[in-house]
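Since the model is a prediction, treat every value here as computed from it, not as a measurement.
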Amino acid sequence: MAKAKNGALLKKGDVVNDTYEVQCFIGKGAFGEVYRVKHKFMGMQVLKVLQDDYVENTDLETVTNEARILSSLTHSNIVRVFETNTFNAQGKSRYFITMGFVSGESLAQLMAREISLSVKVSLSIQIAVLQGLSEVHKQDPPIIHRDISPDNILLSYDTEKPRALLSDFGLAQSVDQMSGIADAAGKYLYFAPECFWGAYLPASDVFSAGIVLYRMLTGSFPWNYDFDGLTDDDRDSVSTMIIKGRKTEPSPPSTYNDACSKNLDRITLKAINKELEGRYCNAGEFLDDLVAEQMNNVVVEKTQDKTQEQIDILYY
């Protein structure tokens with residue numbers, strides 16, 4: 001396989017392991033190159049070729065074991081993992097993972113256009129994400145995502161109602177060792193406090209998901225950070241600045257979005273509590289509270305519609 005003109009390892013028309021025909025190069029992430037491919041029998045998929053640095057710095061046995069478990073899960077809010085394997089290219093053995101192809105965009109792309117989302121849309125997306133996340137947290141032992149952010153939440157537009165799916169479980173294990181200042185800052189902003197010390201728990205995923213919810217509701221992060229003047233040589237300073245920035249208490253989402261109820265404020269702030277004992281232990285607990293809040297919103301909307309209907313009758 002000759003290298004593509006864009007510098008990618010694979011080019012359109014290349015076939016991997018006599019099974020995957022490359023359709024196009026999607027892009028390059030911290031863990032490797034991403035391609036849209038056509039499986040010989042199963043249609044469109046995504047193939048991710050892990051870069052050498054990632055392979056050298058990552059516990060691949062853990063990644064492949066978790067991928068094997070995920071391949072057996074068919075939850076509608078999890079991007080399906082199909083295979084982990086190797087192929088030979090340019091005289092080297094390359095590791096790859098194949099996943100389901102999602103026709104749509106990432107939550108990051110949506111938020112780049114919209115900045116903040118309505119409470120109704122935010123709850124719908126967050127509940128879908130937590131439904132998928134709670135499924136993997138129930139595994140024995142629990143599977144931890146490690147890198148929940150708007151980039152890893154995909155919105156499928158294949159159906160009438162958009163569907164949110166969580167992608168890239170476990171791939172973030174060692175990305176921070178290889179990324180530059182911008183990538184590190186972007187990732188660390190969603191880190192739970194304990195992650196900076198190498199501890200990853202289901203509650204760590206809750207914290208990251210809580211940051212995502214806060215951003216959807218408000219268009220901003222719960223804390224302010226100052227990364228001005230940092231260079232790639234100052235990567236270790238990113239975590240220090242984030243820890244320092246979080247010494248203040250975050251404002252409730254309703255400070256920025258008056259459509260947020262006091263209960264939604266409570267739920268969101270509990271999810272991003274810096275102390276483990278004050279946070280939801282897992283995605284299931286977070287999900288239960290958000291589902292109840294969503295039901296309350298539905299009741300309020302119906303009541304408001306009924307009231308408006310009565311007004312219309314009175315005046316018309």
Side-chain angles (χ1 to χ4, degrees), residues 73-80 99-137 145-169 172 186-187 189-190 192 202 204-222 250 252-254 256-261 263-272 279-280 282-301:
L73 300 179
T74 56
H75 196 281
S76 61
N77 300 114
I78 297 175
V79 175
R80 180 79 182 274
M99 302 177 181
F101 174 73
V102 178
S103 177
E105 63 181 336
S106 68
L107 177 59
Q109 290 170 312
L110 174 63
M111 292 177 66
R113 296 196 309 273
E114 303 294 336
I115 307 302
S116 64
L117 308 177
S118 70
V119 169
K120 184 176 182 179
V121 171
S122 297
L123 288 180
S124 177
I125 292 173
Q126 189 74 10
I127 285 172
V129 168
L130 291 176
Q131 286 171 334
L133 188 60
S134 63
E135 184 69 20
V136 296
H137 281 179
H145 188 284
R146 298 184 180 90
D147 192 22
I148 295 175
S149 72
D151 287 314
N152 290 329
I153 296 171
L154 305 182
L155 304 175
S156 171
Y157 298 144
D158 283 338
T159 56
E160 183 177 343
K161 182 181 178 182
R163 177 166 52 97
L165 299 90
L166 198 50
S167 179
D168 288 355
F169 280 86
K187 172 180 173 163
L189 289 173
Y190 295 90
S204 309
D205 281 347
V206 165
F207 185 94
S208 301
I211 300 288
V212 172
L213 177 59
Y214 193 101
R215 282 201 64 199
M216 285 193 290
L217 293 170
T218 69
S220 62
F221 284 95
S254 60
Y256 308 97
N257 183 347
D258 57 14
C260 295
S261 68
N263 190 50
L264 185 52
D265 280 347
R266 177 192 65 80
I267 293 170
T268 308
L269 294 178
K270 181 173 181 177
I272 60 172
R279 200 186 311 158
Y280 295 107
N282 54 50
E285 292 184 0
F286 191 2
L287 175 62
D288 289 343
D289 269 6
L290 272 189
V291 168
E293 174 64 15
Q294 186 183 53
M295 293 300 295
N296 287 337
N297 284 352
V298 170
V299 170
V300 169
E301 286 176 1

Residue pair Leu213, Leu290: steps toward the side-chain contact (heavy atoms from CB on, under 4.5 Å) verdict:
CA-CA 11 Å; Leu213 177 59; Leu290 272 189; 4.2 Å; yes
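Taking the side-chain hydrogen bond (donor to acceptor under 3.5 Å, both in side chains) definition, one finds that Ser118 meets it with nothing, sequence neighbours left out. With sequence neighbours excluded, the residues satisfying side-chain contact (heavy atoms from CB on, under 4.5 Å) with Asn77 are His75, Ala128, Gln131, Arg163. Listed by chain and residue number, Glu293 satisfy the side-chain hydrogen bond (donor to acceptor under 3.5 Å, both in side chains) test with Ser261 (two or more places apart in sequence, or in another chain). The side-chain contact (heavy atoms from CB on, under 4.5 Å) test applied to Thr74 returns Arg80, not counting sequence neighbours. Residues passing the side-chain contact (heavy atoms from CB on, under 4.5 Å) test with Ala283 are Leu130, Leu133, Ser134, His137, sequence neighbours excluded. Under the salt bridge (Lys or Arg N to Asp or Glu O under 4.0 Å) criterion, Glu105 pairs with Arg113, sequence neighbours left out. With sequence neighbours excluded, no residue forms a side-chain hydrogen bond (donor to acceptor under 3.5 Å, both in side chains) with Tyr214. With sequence neighbours excluded, no residue forms a side-chain hydrogen bond (donor to acceptor under 3.5 Å, both in side chains) with Glu285. Here Ser167 pairs with Lys48, Val79, Met99, Leu154 under the side-chain contact (heavy atoms from CB on, under 4.5 Å) rule; sequence neighbours left out. Residues satisfying the salt bridge (Lys or Arg N to Asp or Glu O under 4.0 Å) criterion with Arg215, sequence neighbours excluded, are absent altogether. The salt bridge (Lys or Arg N to Asp or Glu O under 4.0 Å) check on Asp265 picks up nothing, with sequence neighbours excluded. Phe207 pairs by the ring pair (Phe, Tyr, Trp, His ring centres under 6.0 Å) definition with nothing, not counting sequence neighbours.
For the pair His145 and Ser208, the minimum side-chain heavy-atom distance is 4.5 Å or more. Side-chain contact check for Leu110 versus Leu117: some heavy-atom pair is nearer than 4.5 Å. In this structure, the side chains of Val121 and Glu114 stay at 4.5 Å or more apart for every pair of heavy atoms. Between Leu264 and Leu217, the closest side-chain pair of non-hydrogen atoms falls below 4.5 Å. Using a 4.5 Å heavy-atom threshold, the side chains of Ile148 and Tyr190 count as separate. Using a 4.5 Å heavy-atom threshold, the side chains of Val212 and Val129 count as separate. Gln294 has its side chain out of reach of Asn297: every pair of non-hydrogen atoms, C-beta onward, lies at least 4.5 Å apart.
In this structure, Gly219 and Ser116 approach most closely via the heavy-atom pair N-CB, 3.6 Å. Taking both residues in full, the closest heavy atoms of Ile272 and Gly210 are given as CG2-C, 3.4 Å, listed atom of the first, atom of the second, then distance. Of all the heavy atoms in Ile267 and Asp289, the pair that sits closest is CD1-O, 3.5 Å. When all heavy atoms of Arg279 and Ala192 are compared, the pair lying nearest together is NH1-CB, 3.8 Å.
Distance check: Ile153 CD1 to Gln109 CD gives 13.0 Å after rounding to the nearest 0.5 Å. Atom CG of Leu155 and atom CE of Met111 lie 10.5 Å apart (nearest 0.5 Å). The line from CG of Leu165 to CD1 of Ile125 is 11.5 Å long, rounded to the nearest 0.5 Å. The CG atom of Asn257 sits 7.5 Å away from atom OG of Ser122, with the distance rounded to the nearest 0.5 Å. Going from atom CG of Asp151 over to atom NZ of Lys187 covers 12.0 Å, rounded to the nearest 0.5 Å. Here CG of Leu166 is found 12.5 Å from CD of Glu135. Values are rounded to the nearest 0.5 Å.
Remark: side-chain polar atoms of Asp147 are not paired, donor with acceptor, to backbone N or O of Asp168 under 3.5 angstrom.
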